[in-house]
Structure formats: C-alpha cells, structure tokens
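Report on the following structure.
Quick note: numbers below take in every heavy atom, side chains included, and nothing from hydrogens, waters or symmetry partners.
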Amino acid sequence: MPDVPAPTLTAIDSHAHVFSRGLNLASERRYAPSYDAPLGDYLSQLQHHGFSHGVLVQPSFLGTDNRYLLSALQTVPGQLRGVVMLDRDVERQTLDDMTRQGVRGVRLNLMGQALPDLTDAQWRPMLERIGEQGWHLELHRPVADLPRLVRALEPYGLDIVIDHFGRPDARGGLGQPGFAEMLTLGGKGKVWVKVSGVYRLEGSPEQNLAFARRALVALEAHYGAERLMWGSDWPHTQHESAVSFTTVIEQFEALGCSTELRRALLVDTARSLFGFA
C-alpha cells in the first residue's frame, strides 16, 4: 500500500499528547488518565479546527516508554513530529532510529520533582547526544527555576524550548520570581517558548487570560515572534472536564495577535524548529 502524502501545511499544533489507559504507567507519576486519547481522535481535532500538522509530546505518566508515541508518528509520517522522554544512558543508535521516525526533541518534565543538577557529569552523555541529533531540549518547570536550568545547559549549545509560558502563576504578575529573567533569555537566540496552557496559569480564567495577553506582549518584545509557537495541549490532562480543543482555540483568539504574530505562532516557528516540509 503506497504511503499517503502529508496534507498541505496550513497550521501546526506544537504540543499535544496521545495515550491509552492500557499502557504501562511510570512508577513515579503525578497523574494517571481514566480515558484514552488515541491518535485518531487527535487527528480529527486537527482537521476540525483547520490544523494540518502536529507535535506529539510524551506524557510524563508514561515515563521513557515512547513506543505509543513512535507508533503514532509512523502511522502518519510527515504529518507529525515527536518530543520524547529519555533515560540518561540512552544509546546513540536509539536516537538515530527516533530521528528517522520523526522525533525532534527531548522533554524534561520536572514538575513536582526535585530540581536536578544538570551540570553533573551523569547528564553529559544524554545532553551531548541530543545535540548531535540536532534536537532541542524542552523544559517543563515553574518559571522561578527556569533561568537556572537554562544556564546549566549553556555549555552544550542546545536549542531549548520552554513549556506553557514557563508555567508562571497568573496571580503573581510579570514581576514574579524568574519571569523577568526568563524574558532576558530571549536575547541568547537559543530559547523558544510555547504559548500554550493558558488554563494552567493557576488563576481564575479571567486572571489567566489577562496575564497571558501581557506575557505574550513581553515575550514577543524579548524573543521575537520567530521564537514563539502555539500548542493546544490536547487532551488537556487534569483539566479535561473544563477544557476542550475549542476552549483553547477561543483562548488563542482572545489573545488578539497581529497577523504577523499569528502566522509565527501557528506556522512559521514550529515549521522551522521541527523541520516540517
């Protein structure tokens, strides 16, 4: 059966998850799903909302068993890219194989964990191998700790992606610890930010949206539109009862982006970073 060509690129969702309740869950996890989020459902959401391409990010509750994500990438080659989670002793051949399957990054989900010392020698093999692949490293951690983590990674010269606005608290405003310093990282030219997860900003819906608007203005000023991208965060784990793909599209529209910024968030940044044709 011949390969089905990827659809013409219209818009890219840079952050989503697929999983099944029947998969082996990581022994250390903050959350376990009570439902399935299969690839078919995600592709239907993309099509319904005018998106042609997407990026699948390994959920933390599956740990470093990336088989479900890799299978999804192979089901629709060219339409999706992947961001995996890895053990520190991962072999180079494993990464070579993942690159061929569409993986372009590694996620460090550090929410609810002790802050690691990324300058420790035990991290060196994995971080060097990520760089050899030309992949980026994605950080998921509250904003107060992000500048320290980025500084620790500087010797490796890696491209770094920050999740969900940097996970600030909308109630703390732009002056909260870490946020102003995170803005200065934009000048280094090696850091990107995902404008996603507005509903994860800890405040009320009104507070979250107001903060997101102000934060986006500041991020564009410091990073430039070419370092910012939008993601749906589907299926909105831990917020499923209140948030849908339609919800996050409405939140995106409420940000009031210029035509140029909108194009960068939905197309150009992710196309370049993830290597979409």
Side-chain angles (χ1 to χ4, degrees), residues 3-26 29-85 98 100-107 109 136 138 140 161 163-164 194-200 229-253 265-267 269-271 273-277:
D3 292 337
V4 177
T8 301
L9 198 155
T10 57
I12 302 166
D13 173 11
S14 73
H15 194 105
H17 312 283
V18 292
F19 51 81
S20 167
R21 284 169 292 183
L23 299 173
N24 293 326
L25 301 181
R29 58 184 185 272
R30 297 176 293 119
Y31 165 86
S34 59
Y35 60 95
D36 299 330
L39 176 62
D41 287 4
Y42 176 56
L43 295 177
S44 294
Q45 292 288 344
L46 290 182
Q47 183 178 29
H48 179 72
H49 292 281
F51 287 76
S52 57
H53 293 68
V55 177
L56 299 180
V57 179
Q58 175 75 345
S60 61
F61 50 81
L62 294 182
T64 59
D65 184 351
N66 299 286
R67 287 176 294 176
Y68 194 81
L69 182 151
L70 295 174
S71 176
L73 297 185
Q74 295 171 75
T75 300
V76 283
Q79 190 174 356
L80 301 174
R81 294 288 185 265
V83 177
V84 296
M85 291 175 61
M98 287 181 171
R100 286 191 290 270
Q101 292 168 305
V103 173
R104 295 296 182 266
V106 175
R107 192 187 203 199
N109 190 330
H136 66 265
E138 184 171 310
H140 189 205
V161 173
D163 266 354
H164 304 327
K194 286 186 177 179
V195 177
S196 56
V198 171
Y199 54 90
R200 297 190 187 276
M229 59 193 133
W230 181 86
S232 69
D233 198 24
W234 187 88
H236 327 292
T237 53
Q238 302 182 65
H239 296 263
E240 303 92 341
S241 62
V243 179
S244 67
F245 209 114
T246 298
T247 305
V248 295
I249 291 292
E250 291 171 348
Q251 290 174 340
F252 172 72
E253 296 295 348
L265 290 171
L266 297 182
V267 181
T269 302
R271 179 172 59 185
L273 182 66
F274 291 98
F276 284 106

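At a cut-off of 3.5 Å, with distance as the only test, no side-chain donor of S196 or D233 sits close to an acceptor on the other residue. The closest side-chain donor-acceptor pair between Q251 and Y199, if any, does not fall under 3.5 angstrom.
Shortest non-hydrogen contact noted between H236 and S244 is NE2-C, 3.3 Å. Of all the heavy atoms in L39 and V76, the pair that sits closest is CD2-CG2, 4.3 Å. Contact record, T237 with R200: O-NH2, 3.0 Å, taken as the closest heavy-atom pair. The heavy-atom pair separating L62 from F19 by the smallest distance is CD1-CB, 4.2 Å. What you find for R271 and A277 is that their closest heavy atoms are CD-O, 4.5 Å. Smallest separation of non-hydrogen atoms from N66 and M98: ND2-CE, 3.9 Å.
Aromatic ring centres of F51 and W234 lie farther apart than the 6.0 Å criterion allows. Aromatic rings from F274 and H136 are positioned such that their centres are separated by under 6.0 Å.
Partner of K194 under the side chain to side chain donor-acceptor pair (under 3.5 Å) criterion, chosen from H140, H15, H164: H15.
For Q79 (side chain) and G54 (main-chain N/O), no donor-acceptor pair under 3.5 Å exists by modelled atom type. Proximity of a side-chain donor or acceptor of S14 to a complementary backbone N or O of W230 within less than 3.5 Å is detected. Between the side chain of R81 and the backbone N or O of G275 there is at least one donor-acceptor pair closer than 3.5 Å. Checked by atom type and distance alone, the side chain of T269 never pairs as donor or acceptor with a backbone atom of L265 at under 3.5 Å.
Few gaps surround CD on Q74; more than 12 heavy atoms of other groups in view lie less than 6.0 Å from it.
Annotation: side chain of D41 is not in contact with side chain of F245 (no heavy-atom distance under 4.5 Å). Looking at heavy atoms from C-beta onward, H239 lies out of side-chain contact with T247 at the 4.5 angstrom threshold.
Once rounded to the nearest 0.5 Å, the distance linking CG of L56 with CG of L80 reads 5.0 Å. Remark: D13 CG to S52 OG distance equals 10.5 Å, nearest 0.5 Å. If you take CG on L46 and NE2 on H53, they are separated by 10.0 Å, rounding to the nearest 0.5 Å. With rounding to the nearest 0.5 Å, the separation of CG in L73 from CZ in R100 is 14.0 Å. Taking NE2 from H48 and OG1 from T246, the interatomic distance works out to 5.5 Å, rounded to the nearest 0.5 Å.
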List the steps, then state whether side chain to side chain contact (heavy atoms under 4.5 Å, CB included) holds for L70 with V103.
CA-CA 8 Å; L70 295 174; V103 173; 3.6 Å; yes
Could you please spell out the steps behind the side chain to side chain contact (heavy atoms under 4.5 Å, CB included) verdict for V198 and V248?
CA-CA 8 Å; V198 171; V248 295; over 6 Å; no
